[in-house]
Amino acid sequence: MSGSFQITGGWVEVVAGVMFSGKSEELLRRVRRATIARKRVQLFTSHLDERYAGRFTVSSHDGRTADAIPVDSSQQISQRIDPMAQVIAIDEAQFLDAGVVSLAADLAGRGRRVILAGTDTDFRGEPFGPMPQLMATAELVDKLHAICVLCGGPASRNQRLIEGRPAHWDSPTIMVGGHESYEARCRACHVVPKRDDSQATLPFGVSSDMKQSSR
Ligand code: ADP
Ligand code: ZN
């Protein structure tokens, strides 16, 4: 564990950030190091991650993988917890229900190290699922950044594109079917048009026409 202080008993760690910021890489690194330390580790991932090929794995965008137990609710995690596990790692935590917050606290209270990775904001830039509560109640939080594909600055937003165009604000938080794509962008380059007010999310002094023609 990083940090200059020692925690006795269990604790909760959160690895947050946008897509492509390296959360899965960091989660897999922590899992690998816990395994090297001969800890008993369990790795869970939500069903909604489509990056597995045949087996359920946690995959990072750089191609590293580890076998993971697929779940789509906090209840499924609690049913599948190995009572001997010392480290519980959960990827794609943003898709889980609010019960994951009390589950993490409960496991930490029983001496476990709980590591959760998740996208902290949705495509609108709003807090995503249980991530804000997890980040507020964890002992350790790391917020990672990707690289903005437009300007090269630190990216803190998930840009959703549908047929190459920025998705509207009223597009669903979780899309089923996978026709959308995502880019990592910074606050200034992130675009979320609103149907009734297309100017609302654009930076001051930039008209929606300018914004469209620069893409
Ligand atoms: P996350 O779990 O946060 O989505 P991953 O750990 O799966 O991230 O992937 C991180 C990797 O994605 C980086 O190490 C890099 O190789 C790659 N990558 C692709 N696009 C970007 C980007 N725009 N910014 C940073 N890394 C990117
Ligand atoms: Zn940018």
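Read the numbers this way: they start at 1 and go in the same order the structure lists the ligands and their atoms.
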Is the count of non-hydrogen atoms from other residues, nucleotides or ligands lying under 6.0 Å from E126 atom CD greater than 12? yes
Would you say S24 and D91 are linked by a side-chain donor-acceptor pair, where the criterion is simply a distance under 3.5 Å? yes
Consider only side-chain N and O atoms of S156 and R187, and report whether a donor and an acceptor are under 3.5 Å apart. no
R185 and E183: CA distance, side-chain angles, deciding distance, salt bridge (charged side-chain N to carboxylate O under 4.0 Å, His left out) verdict: CA-CA 6 Å; R185 294 197 188 177; E183 285 178 355; 2.9 Å; yes
Near the Zn ion (ligand 2) (cut-off under 2.8 Å), count of protein N, O or S atoms: 4
Please determine whether a side-chain nitrogen of the Lys or Arg among R30 and E13 lies less than 4.0 Å from a carboxylate oxygen of the Asp or Glu. yes
Please check if atom CD in Q79 has more than 12 non-hydrogen atoms from other residues, nucleotides or ligands closer than 6.0 Å. yes
Atoms of ligand 1 under 4.0 Å from any heavy atom of E25, numbered from 1 in the order shown, are 6 (O), 10 (C), 11 (C), 13 (C), 14 (O)
Expected output: side-chain K143 to main-chain V15 donor-acceptor under 3.5 Å: no
Ligand 1 atoms in contact with V18 (distance to a heavy atom under 4.0 Å): 3 (O)
Nearest to atom 1 (P) of ligand 1 by heavy atom, R185, E183, K23: which? K23
Are any of the N/O atoms in A146 less than 3.5 Å from those in ligand 1? no
Using a 3.5 Å cut-off on N or O atoms only, is G22 in polar contact with ligand 1? yes
Indicate yes or no: does an N/O atom of M19 lie under 3.5 Å from an N/O atom of ligand 1? no
Expected output: side-chain R160 to main-chain R165 donor-acceptor under 3.5 Å: no
Side chain or backbone of T119 under 4.0 Å from ligand 1, or both, or neither, by non-hydrogen atoms? neither
Between the side chains of S74 and D97, is a donor N or O closer than 3.5 angstrom to an acceptor N or O? yes
Atom pair CD (Q159) and CE (M19), whose distance is rounded to the nearest 0.5 Å: 12.0 Å
Min heavy-atom dist S21 to ligand 1 below 4.0 Å: yes
